Amino acid sequence: MSLETLSTAPRLTRPAIGSATLSVIVALYLVVVANRTFWTKAVDYLGVPSFALVLLGIGLFALFSAICVAVSVKYLTKPLFILLIMSAAAASRFMDHFGTIIDVDMIRNAAETTGSEAGHLLTAGFVMHMALFGVLPSVLIALVRIRHRPFFQKFKWNLAVVLSFLAVFVSVSLANVRTFAATTREHRDLVATLNPVLPIVSAVRYVMASEGEKNIVVQPLGTDAHVVAPTVSGKPRVTVIVAGETARAENFSLGGYARDTNPELARQDIRYFTDTSSCGTATAVSLPCMFSIFTRRGYTHEKGLETENLVDVLSHASIRTEWWDNNTGSKAVAKRIAYTSFSDINDPRFCKDHECIDAVHLDRLGAWLDAVKGDSVLVIHQIGSHGPAYFQRYPDAFRKFTPDCRTAELGNCSRDEIVNAYDNTILYTDHVLSTVIDMLKAREDRMAGSMIYMSDHGESLGEHGLYLHGAPYFIAPSQQTHVPFVLWLGGQAKAGIDAACLAHKTGEPQSHDNLFHTVLGMLNVATKVYDPALDVLASCRGGAAAS
Ligand SMILES: [Zn+2]
């Protein structure tokens with residue numbers, strides 16, 4: 001082929017578009033296509049047909065257009081628009097399908113998750129959604145040729161366009177300011193679903209917070225802690241703390257659920273607290289919070305990181321404290337104590353691709369208990385009911401409620417199938433907890449055992465159109481915050497407790513705030529950081545506190 005034929009060959013001309021025009025098209029796409037959840041809520045709250053809804057649409061379109069035009073700088077336009085569209089597509093998938101709100105805690109959850117956990121969310125449905133709503137428009141943007149005016153001319157022109165759009169935004173906002181103010185105050189979830197504004201703001205806030213956390217120096221806590229008195233019999237006190245995962249109280253038959261999901265615990269001499277609330281709605285918040293000295297009101301992620309926690313105070317009291325993890329890690333709670341991750345070990349008897357069923361804890365517990373010499377605390381961090389792959393949390397023997405959803409793609413299952421699979425996970429946790437109690441009971445001649453179980457947060461199974469968990473606390477439904485709390489005290493531990501008083505306590509409101517102080521009380525640890533008012537057992541202890 002000669003040079004001549006090359007030069008005369010027809011050339012593909014890419015369509016060209018002005019930068020401001022493209023900005024307006026991208027803004028329109030984001031407002032209309034990526035905000036299904038937002039508009040559903042807006043229609044709900046503002047009513048349809050309504051003047052306020054039309055104004056809201058015009059106002060948002062003007063605001064998004066102003067932002068897109070403002071960032072449509074030469075060389076940056078394409079990467080920024082593609083980033084906006086891809087993040088909006090990913091966020092809308094979770095918002096529209098699971099009712100997820102992407103705040104800082106949700107970004108932290110995503111960032112701290114394990115590969116196998118994330119894998120369950122990257123389903124064929126997710127890939128399809130991304131291809132259609134993220135990749136396709138991005139490819140179109142990549143293909144077009146953007147016309148930019150000469151620098152100063154562009155600056156003047158864009159400034160005029162941005163100011164005009166902002167003027168429209170301000171006028172429509174002012175025109176209906178009372179309705180908008182009242183609606184956003186009353187329905188804070190409306191603003192929280194504006195896509196991709198909140199996801200991007202949350203991601204930026206997460207990155208800024210993570211940078212600050214790199215220099216955190218952990219402050220010691222309860223260094224004066226010591227065990228007040230040995231048990232009357234001289235046997236070591238052994239407490240197993242089970243940190244549950246995604247178990248909601250609503251599905252515990254111990255708390256009145258119609259299905260028998262707790263057949264084994266029902267036969268144990270346990271106490272079930274019927275009205276217990278979690279600190280957060282996601283592991284990354286709840287777990288460090290429940291082990292911290294802070295109450296839900298006082299807790300922040302930073303405070304949790306910069307202060308030692310329950311397991312450290314126990315260590316200061318010379319109690320052997322160990323953490324077994326069958327989840328996504330201890331969220332820095334177990335940073336300073338003995339720690340084992342079962343997903344890292346990947347024992348093929350219980351694990352597949354670094355995800356294990358909770359039998360992995362039971363397999364080792366007997367040997368661990370047999371080796372106990374002095375006062376000890378073991379934290380068992382379960383995988384529990386972690387979704388959306390509920391069916392992978394229980395062995396076949398616990399597939400009692402059928403048909404059960406056998407995929408992580410919840411959209412392919414009926415609501416009944418999802419609930420069946422979830423209930424099987426609760427049934428299996430019932431078995432795990434009851435087996436822990438049996439193992440402690442079998443060794444009562446050698447140790448004064450007890451077990452305390454609290455789930456980290458609950459789960460939505462389609463109520464109010466929500467799935468999974470992680471809703472901002474202020475709008476979280478009870479399904480995500482009402483958690484099961486089970487206490488088993490062995491013969492010795494029970495001896496000092498007034499049974500009627502404890503029975504009364506089980507009906508009173510309790511929360512994650514109580515874990516820190518209750519465990520210190522159970523181990524008879526004295527320290528100035530112990531607050532008996534938050535120890536659920538304190539007021540039920542008679543004179544015989546040193547059981
Ligand atoms: Zn969790």
Side-chain angles (χ1 to χ4, degrees), residues 94 98-121 241-252 276-292 296 299 301 304 309-310 323-334 341-343 354-358 360-361 379-390 392-394 408 410 421-422 425-426 428-429 432-433 452-461 466-473 476-486 511-513 515:
F94 292 105
F98 302 118
T100 310
I101 283 179
I102 303 174
D103 58 6
V104 178
D105 288 331
M106 187 54 75
I107 300 269
R108 178 173 294 119
N109 257 332
E112 293 177 4
T113 198
T114 56
S116 51
E117 204 186 28
H120 293 309
L121 294 171
I241 304 173
V242 183
E245 175 59 61
T246 315
R248 68 186 210 182
E250 197 168 303
N251 290 44
F252 264 52
T276 307
S277 50
S278 65
C279 178
T281 63
T283 314
V285 180
S286 277
L287 196 69
C289 179
M290 67 201 271
F291 281 88
S292 81
R296 188 177 80 74
Y299 177 83
H301 184 72
N309 58 64
L310 174 62
W323 184 291
W324 288 356
D325 206 281
N326 189 30
N327 201 306
T328 52
S330 78
K331 312 295 171 195
V333 176
S341 160
F342 292 131
S343 51
H354 296 277
E355 250 190 23
C356 321
I357 56 169
D358 282 319
V360 73
H361 290 292
V379 180
I380 285 180
H381 187 200
Q382 283 189 283
I383 189 76
S385 305
H386 202 293
Y390 305 119
Q392 291 183 351
R393 306 294 167 237
Y394 49 90
L410 296 183
Y422 182 80
T425 68
I426 302 293
Y428 189 53
T429 287
V432 169
L433 296 177
I452 183 167
Y453 162 80
M454 276 186 190
S455 179
D456 61 345
H457 52 78
E459 183 86 324
S460 282
L461 296 173
L466 297 180
Y467 285 91
L468 307 175
H469 55 265
Y473 207 90
S478 66
Q479 286 83 15
Q480 295 192 23
T481 57
H482 182 199
V483 289
F485 170 14
V486 177
S511 75
H512 279 167
D513 296 354
L515 184 73

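Predicted model, so just to flag it, every value in this text is computed and none were measured. Whatever order the structure lists ligands and atoms in, that order sets their numbers, starting from 1.
For the residue pair Q480 / S460, a side-chain donor-acceptor distance below 3.5 Å is found, with atom types taken as modelled.
The backbone N or O of C279 lies less than 3.5 Å from no partner atom in the side chain of H457, so there is not a single donor-acceptor pair. Judged by distance alone, the side chain of T425 and the main-chain N or O of S385 form no donor-acceptor pair under 3.5 Å.
Just one residue in the list H386, H361, E245 forms a side chain to side chain contact (heavy atoms under 4.5 Å, CB included) with N326, and that residue is H361.
For the Zn ion (ligand 1), the N/O/S atoms of T283 include one lying under 2.8 Å. Taking 2.8 Å as the threshold, H457 counts as a candidate ligand of the Zn ion (ligand 1), since one of its N, O or S atoms lies below it.
Within D456, the N, O or S atom lying nearest to the Zn ion (ligand 1) carries the name OD2. Restricting E245 to its N, O or S atoms, the one at the least distance from the Zn ion (ligand 1) is OE2.
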